[in-house]
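Some notes on the structure that comes next.
For the single chain, residues carry numbers from 1 onward in sequence order. Basis for what follows: all heavy atoms, side chains included, without hydrogens, waters or symmetry-related copies.
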Amino acid sequence: MTASLADGPACPVPAEPGDRVQLGHGSGGRLSARLLREVFLPHLGSPALDRLGDAAVVALPGPEVAVTTDTFVVQPLEFPGGDIGLLAVHGTLNDLAVQGARARWLTAGFVLEEGLPLADLERLVRSMARAARAAGVAIVAGDTKVVERGRADGLYLCTTGLGTMDPAFRPTADGVRPGDVLLVSGPIGRHGMAIMSVREGLGFEADLVSDTAWLGPAVEALRGAVGPAVHAMRDATRGGLASAVIELATASGVGVRMAEPAIPVPPAVAAACEILGLDPMYVANEGVLVAFVAPAFADAALAALREVPEGREACRIGVAVPDHPGLAVLETAMGGTRLVDLLPGDQLPRIC
Ligand code: MG
């Protein structure tokens, strides 16, 4: 069929309807300005961002800052218990928190796929804004690029966090000493299995909800109760509890003994792991921290953690030992032992 002139001019690339992301939204022109004005600034605005300079100017209260950066590519963009926006804020702020820093500022870089519904984008941006506000953090700089349809899965998000250091509270990755008690702030494996449950259609969605949470209050509780007795902390994200513990043990040149029955694994996580052949020790969390605490302060640290919602189910799961540096030994309920080491690769791709 040939189109006649009466049909109007032929357009080989149909224009995107106004409710979807278009390539022009990344052009730096009028569409970009409109996206900034209508979607980003109303939700993510802050005094430093609203000035719309080429760089945000912020005032440092002390001589030292902590800086961390993270990129989020999780699929699906929304999942039980959270979404990519929430995850980006929590993940970035948690890296600051477990370093002992007080989170102050965030920046966000968006890579949007042409055709992404603007309503979806706005929902995710609103979610980011809510999480940042809850943590008392200002989003001070950002950038948006748009790539052609099929070249990104809706959106990718890169966030950088800046926090200020407290000289009296400096947990470090290499700070674990033999005898330190290993605490975990809550049940493990929920984030990774919530994502997998949706992706694999396991039907556990009601029971498997991501644990994504800001760990700032849990860290503040530890700082307030035992301060410098916290020798090392890490959020147990990709690679799960096992990887976080082994990384700290390796950096500190100690071994770790863990009691398997003490490790909190929710029944739904255990069931889903069983079906997929996964080990919950390696499944990602987004709201769980591990801490090595000087033995005399371990009870006080545990009690303080249990006072905050993110740490209500905190427990003591192991101890640092001088033998087998860089390795963890799991004592099973049957009285046997199992060696825990880093996995060669990722058990679950695209979970954050
Ligand atoms: Mg981390």
So which heavy atom on [X] is nearest to which on [Y], and how close?
X	Y	value
Ala251	Ala173	CB-O, 3.6 Å
Ala48	Val58	CB-CG1, 4.3 Å
Gly189	Val283	O-CG1, 3.4 Å
Tyr282	Ala242	CE2-CB, 3.6 Å
Asp211	Gly287	OD2-N, 3.0 Å
Ala328	Ile246	CB-CG1, 4.3 Å

Is there a continuous path of hydrophobic side-chain contacts, each under 4.5 Å between heavy atoms, that joins [X] to [Y]?
X	Y	value
Val293	Val184	no
Leu202	Leu208	yes
Val125	Val140	no
Ile351	Leu215	no
Leu86	Leu157	no

Just how far is it from atom [atom1] of [X] to atom [atom2] of [Y], taken to the nearest 0.5 Å?
X	Y	atom1	atom2	value
Thr164	Leu60	OG1	CG	8.5 Å
Leu112	Arg20	CG	CZ	13.5 Å
Cys352	Arg238	SG	CZ	5.0 Å
Gln99	Asn94	CD	CG	12.5 Å
Glu200	Met193	CD	CE	8.5 Å
Ser210	Leu87	OG	CG	6.5 Å

Centroid separation Phe110 to Tyr156 less than 6.0 Å: no
Quick one: does [X]'s side chain have a donor or acceptor within less than 3.5 Å of a partner on [Y]'s backbone?
X	Y	result
Ser27	Gly24	yes
Ser127	Asp83	no
Asn285	Ala236	yes
Thr337	Val329	no
Asp235	Ala97	no
Asp180	Arg177	yes
Ser252	Val176	yes

Considering residues, nucleotides and ligands other than [X], do more than 12 of their heavy atoms fall under 6.0 Å from its [atom1]?
X	atom1	value
Arg223	CZ	yes
Phe72	CZ	yes
Glu148	CD	yes
Arg199	CZ	yes
Arg306	CZ	yes

Would you call [X] and [Y] a salt bridge, using N to O less than 4.0 angstrom?
X	Y	value
Arg102	Glu220	yes
Arg316	Asp299	yes
Arg338	Asp279	yes
Arg190	Glu286	no
Asp120	Arg123	yes
Asp153	Arg350	yes

Side chains of Thr159 and Asp70, donor plus acceptor under 3.5 Å: no
Side chain to side chain contact (heavy atoms under 4.5 Å, CB included) between Leu327 and Leu339, worked out: CA-CA 7 Å; Leu327 287 178; Leu339 203 63; 4.1 Å; yes
Ile195/Val74 under side chain to side chain contact (heavy atoms under 4.5 Å, CB included): CA gap, chis, key distance, verdict: CA-CA 9 Å; Ile195 300 278; Val74 65; 3.6 Å; yes
Contact check, side chains of His90 and Leu93, non-hydrogen atoms, under 4.5 Å: no
Side chains of Met258 and Leu182 in contact at under 4.5 Å (non-hydrogen atoms): yes
Working for side chain to side chain donor-acceptor pair (under 3.5 Å), residues His25 and Glu114: CA-CA 9 Å; His25 279 125; Glu114 177 190 16; over 6 Å; no
Test applied, side chain to side chain donor-acceptor pair (under 3.5 Å); reference residue, Thr160; option that passes from Thr68, Thr92, Thr71, Thr69: Thr69
Steps toward side chain to side chain contact (heavy atoms under 4.5 Å, CB included) verdict (Leu248, Thr250): CA-CA 5 Å; Leu248 295 178; Thr250 303; over 6 Å; no
Side chain to side chain contact (heavy atoms under 4.5 Å, CB included) evaluation trace for Ile317 with Leu183: CA-CA 6 Å; Ile317 58 169; Leu183 306 178; over 6 Å; no
